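In this text, all values refer to a predicted model and were calculated from it rather than measured experimentally. Note that these values count all heavy atoms, side chains included, but never hydrogens, waters or copies made by symmetry.
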Amino acid sequence: IVTFENNSVLLLDPVTGAIKSTIYPPPTPSLVDKVIYSMSLQRVFILLQNGSICVYRVHKRDTATLEKRNLPKTLKTM
């Protein structure tokens, strides 16, 4: 996983180094804090510095698709 100053993310194949997917900046001016990739779910989870969480679907080498965006005020603690 490679992040850039413009908040875009490249998901790289750990074996070949080839680009698996590209994630363009989330629809918010907040900076990316953490990026987590789940191979089994084919999803990238991005935590933004404002507390929002964005979930992207990764399929082959296409651009990842934003599936869900939760704002900090809509998240519930357990």
Side-chain angles (χ1 to χ4, degrees):
I1 297 174
V2 181
T3 58
F4 297 94
E5 288 182 10
N6 69 354
N7 286 330
S8 61
V9 176
L10 282 182
L11 184 60
L12 303 175
D13 185 295
V15 177
T16 66
I19 297 172
K20 291 183 75 150
S21 190
T22 304
I23 299 171
Y24 291 103
T28 177
S30 186
L31 298 175
V32 172
D33 191 32
K34 299 216 185 274
V35 180
I36 299 171
Y37 174 57
S38 170
M39 285 191 282
S40 62
L41 297 175
Q42 293 186 343
R43 302 292 187 274
V44 173
F45 300 88
I46 296 180
L47 173 63
L48 303 176
Q49 287 182 352
N50 70 359
S52 295
I53 297 173
C54 298
V55 180
Y56 290 85
R57 180 177 181 264
V58 178
H59 183 68
K60 299 184 182 179
R61 207 179 150 221
D62 298 333
T63 301
T65 305
L66 179 63
E67 287 190 326
K68 188 167 188 170
R69 179 172 164 232
N70 284 334
L71 299 174
K73 62 186 173 192
T74 62
L75 299 175
K76 296 179 181 173
T77 57
M78 299 181 92

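- The side-chain heavy atoms of Asp33 and Leu48, taken from C-beta on, include no pair separated by under 4.5 Å.
- The distance from atom CZ of Phe45 to atom OH of Tyr37, rounded to the nearest 0.5 Å, is 11.0 Å.
- Residues satisfying the side chain to side chain contact (heavy atoms under 4.5 Å, CB included) test with Thr16, not counting sequence neighbours, are Asp13, Ala18.
- Here the CD1 atom belonging to Ile1 is positioned 10.5 Å from the NZ atom belonging to Lys20, to the nearest 0.5 angstrom.
- Considering only heavy atoms from C-beta on, Val2 comes within 4.5 Å of Leu12 through its side chain.
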